[in-house]
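Down below is the structure, laid out as structure tokens.
Keep in mind it's a predicted model, so treat the numbers as computed, not measured.
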Amino acid sequence: MKSSDFLISTVKEAPNDAQIISHQLMIRAGLISKLASGLYSYLPMGLRIIQKVEKIIREEMNKSKALEVLMPVAQPAEIWKESKRWEEYGPELLRFKDRHDRDFCLGPTHEEVITNIAKQYLRSYKQLPINLYQIQTKFRDEIRPRFGVMRSREFIMKDAYSFHIDEQSLKETYQLMHQTYCNIFDRIGFDYRPVLADSGTIGGDSSHEFHVLAESGEDAICFSDDSDYAANIERAETLPQQKPKTAEQAIEKVETPGVKTITDVCNLLKVEPTSAIKTLIVEGNDNNLVALVLRGDHELNEVKASKIDGVKQPLQMAEEAVVKKQLGCSFGSIGVVNLEIPVIVDFAAAALSDFICGANEDDKHFIGVNWGRDTKKIIASDLRIVVSGDPSPDGKGSLEIKRGIEVGHIFQLGTKYSDSMNANVIGEDGRAVNMNMGCYGIGVTRIIAASIEQNHDDRGIIFPEAIAPFQLVIVPINYNKSSRVKALADQLYMDCLEQNIEVLLDDRKERPGIMFADSELIGIPHRLVISDTHADNGKIEYKSRKMPDKVEVDFKEVVSYILDKLD
RNA sequence: CGGAGUGUGGCGCAGUCUGGUAGCGUAUCUGGUUUGGGACCAGGUGGUCAGAGGUUCGAAUCCUCUCACUCCGACCA
């Protein structure tokens with residue numbers, strides 16, 4: 001490709017709504033163009049990258065024997081009503097009516113459509129297992145789109161759905177997909193981790209997210225410093241701790257006027273938050289209240305809390321007015337002494353002795369409180385968000401927390417959709433069985449942003465070769481003046497094309513500085529510079545985007561030199 | 001949905017308080033000089049100042065409403 005035949009749409013300044021580096025660089029390099037909030041066009045340079053990513057995904061998916069399909073973006077309400085998600089999904093699902101006043105939506109995902117297909121065409125266990133995938137545009141009406149294509153409303157996703165006669169078969173394909181995802185992300189050149197994930201209301205214990213490690217990641221993930229354990233922070237468990245020490249202090253009520261928060265209490269009483277507890281009140285299953293107790297320095301993990309027996313799902317914090325009426329005090333003064341509602345205590349809080357808590361009277365707290373002696377019987381459970389340094393749940397090492405960008409998610413759906421949509425096959429014994437399903441997603445467009453987050457410097461993007469829009473850029477100095485430079489550049493360009501090198505010849509009438517800056521901003525991995533000075537010696541200058549040094553290469557050997565670099 | 005903010009050539013911004021000819025940088029076009037790190041000179045093109053209504057002799061500027069976008073929060077099978 002010659003630059004004069006292409007659209008190089010680089011800009012010096014990014015719009016000021018671009019917050020993170022990948023968004024800024026994607027705009028500046030001219031990969032994307034914003035149409036409206038969360039809606040982006042892919043310009044020629046950006047599309048080439050998408051196609052590279054898609055190619056890798058296709059190759060690896062095909063290798064795993066998955067079959068590609070393509071399903072509609074617009075979907076009729078009927079199938080969503082069948083799966084109950086028309087009601088459950090919420091405003092993220094963009095709904096509209098067609099000219100006949102029939103309900104439709106834009107697909108945020110395709111479980112319903114694929115199940116509908118499976119229902120029609122899968123009749124016998126002999127056709128199973130089967131794994132169908134597509135690379136398709138999705139639409140989710142995000143509350144707050146941000147970070148460019150990282151969290152946009154319209155985005156490209158690879159989604160795969162597998163169908164199985166039993167759980168065993170599902171598990172095998174799940175493992176295969178896990179491996180396939182690793183292959184894909186290895187090829188893309190990510191520093192990533194597969195982590196245990198919460199499988200949401202679907203249940204089942206096997207769900208993994210694939211996270212690219214990056215400071216700007218929206219998710220917190222944690223891993224052991226001494227084993228393979230890695231999990232989304234929502235999912236990471238804490239272990240029961242040792243029994244509390246024997247009580248040393250007597251319980252005593254103290255005045256704490258105006259004190260509402262743990263910080264206030266601790267400042268007033270000159271103690272650390274680790275020796276106080278906080279009591280959160282949530283709604284219970286039958287119109288009652290439930291107390292959740294955490295150590296002062298810990299935070300509630302809402303996913304864990306909502307899974308506790310007797311706690312209303314989804315988790316709902318109690319209204320302060322209701323709490324006042326039933327417990328006789330406001331939020332800041334709730335405590336566990338003489339508390340007449342179910343009390344669930346986090347393991348860490350349950351391990352405390354001689355601690356501080358609210359007195360269930362405004363402006364008063366207890367000090368020297370001990371479990372059992374001063375409280376009724378409690379249930380100890382895992383309630384909190386893990387913190388750095390917690391012991392790893394597998395018993396090996398301690399946890400470290402990093403930020404990650406979720407680029408893939410695989411999980412076992414079981415029979416949720418095949419049950420509600422009645423997708424069954426005839427089994428070996430001649431009876432109909434609802435199929436087990438697995439579901440596997442990769443955010444194609446998000447991958448590009450994630451890769452840039454991980455690979456850039458102050459000059460721009462440093463694309464890994466596997467997904468770079470071009471492998472090589474040829475920068476001729478004085479292409480339009482020096483006939484010798486032009487001849488050499490054209491010759492080299494033709495030679496590269498012959499070797500199927502994805503090469504960009506920058507034949508624009510620009511000064512060298514602009515051409516260097518553009519190629520570095522766009523992040524083309526390899527660069528050759530041709531100039532009269534070098535031509536005098538039969539040399540060409542090579543530079544890798546990753547390395548600071550320039551190398552002189554004989555003109556005759558340059559193509560094989562490049563081929564070697566491309567491996 | 002709650003809080004905060006911003007809308008002025010493609011992009012980045014000034015002008016708004018204190019009403020009086022629409023401005024700067026960059027990009028773009030033409031001509032010339034340059035050519036190894038975002039050049040210089042000269043001359044152009046391009047804006048109903050987000051939209052609607054109001055006040056005024058006169059509104060980018062003051063008032064009212066609407067819309068869009070951004071940030072923080074809530075939400076996220």
Heavy atoms only, 4.0 Å cut-off, all strands: where does A/Asn478 land among base, sugar-phosphate and nothing? base
Output the single nucleotide from B/U34, B/C71, B/C76 whose closest atom is nearest the side chain of A/Gln19. B/C71
Sticking with atom P, work out how far B/C24 lies from B/C41, rounded to a whole angstrom. 15 Å
Protein-nucleotide distance (A/Met515, atom CE; B/U35, atom C1'), rounded to Å: 9 Å
Closest nucleotide among B/G37, B/G38, B/C11 to the A/Phe516 side chain: B/G37
Rounded to the nearest Å, what distance is computed from the CD atom of residue A/Glu13 to the P atom of nucleotide B/A27? 10 Å
Could you let me know what B/U64 is paired to, Watson-Crick or G-U wobble, both distances under 3.5 Å, or none if it's on its own? B/A52
Once you round it to whole Å, what is the distance between P of B/A74 and CD of A/Glu92? 16 Å
Provide the distance between the two P atoms, one in B/A50 and one in B/A59, to the nearest whole Å. 15 Å
B/A52 and B/G9: how far apart are their P atoms, nearest whole angstrom? 16 Å
Partner nucleotide, any strand, of B/U21 [Watson-Crick/G-U, under 3.5 Å]: none
Check for a donor-acceptor pair, side chain of A/His23 on one end and backbone N or O of A/Ile20 on the other, with a separation under 3.5 Å. no
Side chain to side chain donor-acceptor pair (under 3.5 Å) involving A/Asp518 - partner list, sequence neighbours excluded: A/Thr10, A/Arg508
Interatomic spacing from CH2 in A/Trp86 to CD in A/Glu112 - rounded to 0.5 Å: 11.0 Å
Taking CD1 from A/Ile514 and P from B/U26, how many angstroms apart are they, rounded to a whole number? 12 Å
Check: A/Lys481 main-chain N/O paired with A/Asn478 side-chain donor or acceptor under 3.5 Å: no
Under 3.5 Å on both distances, the Watson-Crick or G-U partner of B/U70: B/A4
Nearest-angstrom distance, C1' atom, B/U33 to B/A22: 33 Å
Tell me, please, whether A/Phe470 has A/Arg48 positioned over its six-membered ring: NZ or CZ under 6.0 Å from the ring centre and within 45 degrees of its axis? yes
Sequence neighbours left out, cut at 3.5 Å: what donor-acceptor pairs do the side chains of residues 25-37 of chain A make with other protein atoms?
residue: A/Arg28; atom: NE; partner: A/Val11; partner atom: O; Å: 3.2
residue: A/Arg28; atom: NE; partner: A/Lys12; partner atom: O; Å: 3.1
residue: A/Lys34; atom: NZ; partner: A/Asp17; partner atom: OD2; Å: 3.2

Please list, chain by chain and in numerical order, all residues satisfying side chain to side chain donor-acceptor pair (under 3.5 Å) with A/Arg484, sequence neighbours excluded. A/Asp532, A/Asp536
Using atom P in both nucleotides, what's the gap between B/C11 and B/G36 to the nearest angstrom? 33 Å
Are A/Arg511 and B/G38 close enough that a side-chain N or O sits under 4.0 Å from OP1 or OP2? no
Compute both the distance and the angle, then confirm whether A/Arg95 meets the cation-pi test with A/Trp80: under 6.0 Å from the six-membered ring centre, within 45 degrees of the axis. no
Can you check the A/Tyr479 OH to B/U34 C1' distance for me, whole Å? 20 Å
For nucleotides B/G19 and B/C57, find the distance between their P atoms and express it as a whole number of Å. 15 Å
Does the ring center of A/His178 lie less than 6.0 Å from the ring center of A/His208? yes
Would you say A/Lys34 reaches B/U70's phosphate, i.e. side-chain N/O to OP1/OP2 under 4.0 Å? yes
Can you sort out which residues in residues 133-155 of chain A have a heavy atom within less than 4.0 Å of RNA chain B? Ascending by number, please. A/Ile143, A/Arg144, A/Arg146
Strand partner of B/C76, provided both Watson-Crick or wobble distances fall under 3.5 Å: none
Using the P atoms only, state how far B/G20 lies from B/C1, rounded to an integer number of Å. 37 Å
Separation between CD1 (A/Ile448) and CD1 (A/Ile461), nearest 0.5 Å, reads 10.0 Å
Measure the distance from NZ on A/Lys12 to P on B/U28 and round it to the nearest whole Å. 9 Å
Scan every strand shown for a Watson-Crick or G-U wobble partner of B/C40, both distances under 3.5 Å, and answer none if you come up empty. B/G32
Tell me which of A/Gly38 and A/Tyr89 sits closer to the 5' end of RNA chain B, going by the nucleotide each one is nearest to. A/Gly38
Only pairs at least two apart or in different chains count here, so list each ring-ring contact (aromatic ring centres under 6.0 Å, His included) that has a residue in residues 521-543 of chain A. A/His526-A/Tyr542, A/Tyr542-A/Tyr561
Between B/G51 and B/A60 - C1' atom distance, rounded Å: 14 Å
A/Ile477 atom CD1 is separated from B/G38 atom P, nearest whole Å, by 12 Å
Gap separating the CD1 atom of A/Ile117 from the CZ atom of A/Phe163, nearest 0.5 angstrom: 8.0 Å
Return the value, rounded to whole Å, for the distance between atom NE2 of A/His23 and atom C1' of B/C69. 12 Å
Should B/G9 form a Watson-Crick or G-U wobble pair with both distances under 3.5 Å, which nucleotide is its partner? none
Check each residue of residues 524-559 of chain A for a non-hydrogen atom within less than 4.0 Å of any atom in RNA chain B, then write out the ones that pass by number, or none. A/Arg527, A/Val529, A/Ser531, A/His534, A/Glu541, A/Lys550
Ignoring hydrogens and geometry beyond distance, is the side chain of A/Glu520 in donor-acceptor contact with the base of B/G37 at under 3.5 Å? yes
